[in-house]
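Input: a single structure, listed below in structure tokens.
From a predicted model like this one, the values you see are computed outputs, not experimental measurements. What's counted below: heavy atoms across the whole structure, side chains too, no hydrogens, waters or symmetry copies.
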Amino acid sequence: MRQKKWAVFLTALFCCMLWGSASPAIKIGYALFQIEADDTAGRILFAGVRFALAGVMVIVYDSLRHHAFHHPRRGSWKYVFLLMCFQTIGQYIFFYMGLAHTSGVRGSVINAAGTFFSIFLSAFLFHYEKLTVRKVLGSIIGFAGVFIMVGGPSMSGKVTMAGEGAMVTAAFCSALAGCLIKLFGQKEDPVVLSGWQFLCGGLIMAACGKMMTGRLVLSTWKGIVLLLYMAFISAGAYTLWSILLKYNDISKISILGFMNPVMGVLLSALFLKESREALQWTTIFALLFVSLGIWTGEGNEEK
């Protein structure tokens with residue numbers, strides 16, 4: 001089941017639906033918890049609480065699945081902490097920063113750069129697979145889509161390092177984390193790694209945010225529901241994606257991520273009322289280029 005095409009596709013589609021809802025959920029959360037764009041401490045605390053809850057969800061699920069409290073083996077804690085640095089702390093400090101300074105539509109498309117980073121890291125740094133002509137061509141087309149989105153006129157305003165630059169950095173951290181999951185997943189259960197790195201990373205981020213005088217203003221029950229949903233996004237999507245990466249080629253799984261920016265744009269347009277930006281020619285062309293680039297890179301090629 002883990003390698004059957006229909007099962008892999010449906011699992012990836014579900015993950016991308018969850019991830020696509022992350023951008024609008026975060027921006028809605030900023031409003032519900034009264035976190036301003038320049039409130040770095042509040043953003044870190046917000047993210048930390050979310051990921052600590054996600055870690056608890058995965059650990060409880062995994063322990064119930066094994067009918068015992070499940071934790072990493074003694075020699076696997078180094079994998080947990082290294083993965084935590086990129087997948088949770090590194091990626092989401094930049095991701096939350098970026099979304100505070102750019103639109104959900106633009107952030108969703110830029111985040112697709114992680115797919116192409118994954119392909120190059122897999123080939124050159126981790127040597128999981130060879131870089132083919134199709135993958136290079138697909139990456140060029142895909143990056144063109146990201147460039148169109150970043151450089152074209154949009155309602156987001158000018159390009160900034162705190163906005164678009166942070167989103168690109170988050171995408172790189174995500175790609176590196178995916179390659180590490182593939183590597184560490186051969187030695188430890190990826191579900192265990194996912195749960196514990198979320199919990200440890202979330203607690204560290206929450207503690208740092210609190211020490212920086214960050215605070216979350218809870219004025220309505222909607223904030224609690226949103227926080228639990230956001231925790232489920234991470235717990236569900238990353239756990240399932242980690243399993244897919246363990247049993248399939250990174251490029252094949254990363255390619256399916258083309259659905260992520262599409263879902264992100266559609267859901268941002270729906271929930272953030274960003275339909276005007278979502279329907280601009282720059283957004284439409286960017287999505288087409290990103291999707292075409294990933295489809296091109298997916299094809300098999302004789303080596």
With side chains defined as the heavy atoms from C-beta onward, is the minimum distance between [X] and [Y] less than 4.5 Å?
{"X": "Cys208", "Y": "Ile204", "value": "yes"}
{"X": "Met84", "Y": "Trp196", "value": "no"}
{"X": "Ile89", "Y": "Met205", "value": "yes"}

From CA spacing to verdict: side chain to side chain contact (heavy atoms under 4.5 Å, CB included), Val191, His70: CA-CA 10 Å; Val191 178; His70 210 205; over 6 Å; no
Taking every non-hydrogen atom, the tightest pair across [X] and [Y]:
{"X": "Leu53", "Y": "Ala231", "answer": "CB-CB, 3.7 Å"}
{"X": "Ala237", "Y": "Cys15", "answer": "O-SG, 3.4 Å"}
{"X": "Cys173", "Y": "Gly90", "answer": "SG-C, 4.0 Å"}
{"X": "Leu216", "Y": "Gly42", "answer": "CD2-O, 4.0 Å"}

Could you tell me the separation between the [atom1] atom of [X] and the [atom2] atom of [Y], rounded to the nearest 0.5 Å?
{"X": "Phe9", "Y": "Leu244", "atom1": "CZ", "atom2": "CG", "result": "12.5 Å"}
{"X": "Leu193", "Y": "Trp77", "atom1": "CG", "atom2": "CH2", "result": "10.0 Å"}
{"X": "Ile59", "Y": "Ser194", "atom1": "CD1", "atom2": "OG", "result": "9.5 Å"}
{"X": "Phe69", "Y": "Asp62", "atom1": "CZ", "atom2": "CG", "result": "10.0 Å"}
{"X": "Leu240", "Y": "Leu10", "atom1": "CG", "atom2": "CG", "result": "12.0 Å"}
{"X": "Met212", "Y": "Ile44", "atom1": "CE", "atom2": "CD1", "result": "4.0 Å"}

Non-neighbouring partners of [X] that pass side-chain contact (heavy atoms from CB on, under 4.5 Å), sequence neighbours left out:
{"X": "Ile224", "result": "Leu218, Leu228"}
{"X": "Asp39", "result": "Ile35, Glu36, Ala41"}
{"X": "Met17", "result": "Leu13, Met263"}
{"X": "Pro24", "result": "Leu267, Ser268, Phe271, Leu272"}

Just checking [X]: does its [atom1] atom have more than 12 heavy atoms from other residues, nucleotides or ligands closer to it than 6.0 angstrom?
{"X": "Tyr61", "atom1": "OH", "answer": "no"}
{"X": "Lys222", "atom1": "NZ", "answer": "no"}
{"X": "Phe94", "atom1": "CZ", "answer": "no"}

Partner set under side-chain hydrogen bond (donor to acceptor under 3.5 Å, both in side chains) for [X], not counting sequence neighbours:
{"X": "Thr169", "result": "none"}
{"X": "Ser234", "result": "Arg50"}
{"X": "Gln87", "result": "none"}
{"X": "His71", "result": "none"}

Any ring pair (Phe, Tyr, Trp, His ring centres under 6.0 Å) pairs touching residues 163-185, not counting sequence neighbours?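 Of all non-adjacent pairs touching residues 163-185, those that pass ring pair (Phe, Tyr, Trp, His ring centres under 6.0 Å) are Tyr79-Phe184, Phe117-Phe172.
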Treating Ile, Leu, Val, Met, Phe, Trp and Tyr as nodes and any side-chain heavy-atom pair under 4.5 angstrom as an edge, say whether Ile181 and Leu18 lie in one connected cluster.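 Yes, one cluster joins them.
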Do Leu176 and Met97 share a hydrophobic cluster (ILVMFWY, side-chain heavy atoms under 4.5 Å, transitive)?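 In one cluster: no.
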Residue pairs fulfilling side-chain hydrogen bond (donor to acceptor under 3.5 Å, both in side chains) with at least one residue in residues 9-26, sequence neighbours excluded: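 Residue pairs passing side-chain hydrogen bond (donor to acceptor under 3.5 Å, both in side chains), neighbours aside: Ser21-Tyr229.
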Using the side-chain hydrogen bond (donor to acceptor under 3.5 Å, both in side chains) rule, collect all pairs that involve residues 172-186, keeping only residues at least two apart or in two chains.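 Listed once each, the pairs would be none.
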Side chain to side chain contact (heavy atoms under 4.5 Å, CB included) assessment of Glu188 paired with Leu83: CA-CA 12 Å; Glu188 178 64 86; Leu83 192 57; over 6 Å; no
Do Met230 and Ile26 pass the side chain to side chain contact (heavy atoms under 4.5 Å, CB included) test, and can you show the C-alpha distance, the side-chain angles, and the key distance before you say yes or no? CA-CA 8 Å; Met230 291 174 65; Ile26 291 171; 3.5 Å; yes
Transitive ILVMFWY cluster of Val225 at side-chain heavy atoms under 4.5 Å: who else is in it?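 Result for Val225 is Trp221.
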Side-chain (Lys210) to main-chain (Leu45) donor-acceptor, under 3.5 angstrom: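 Checked: no pair found.
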Classify the angle between the aromatic ring planes of Phe46 and Tyr96 as parallel (below 30°), tilted (30 to 60°) or perpendicular (above 60°).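 Because their plane-to-plane angle is over 60°, the rings of Phe46 and Tyr96 count as perpendicular.
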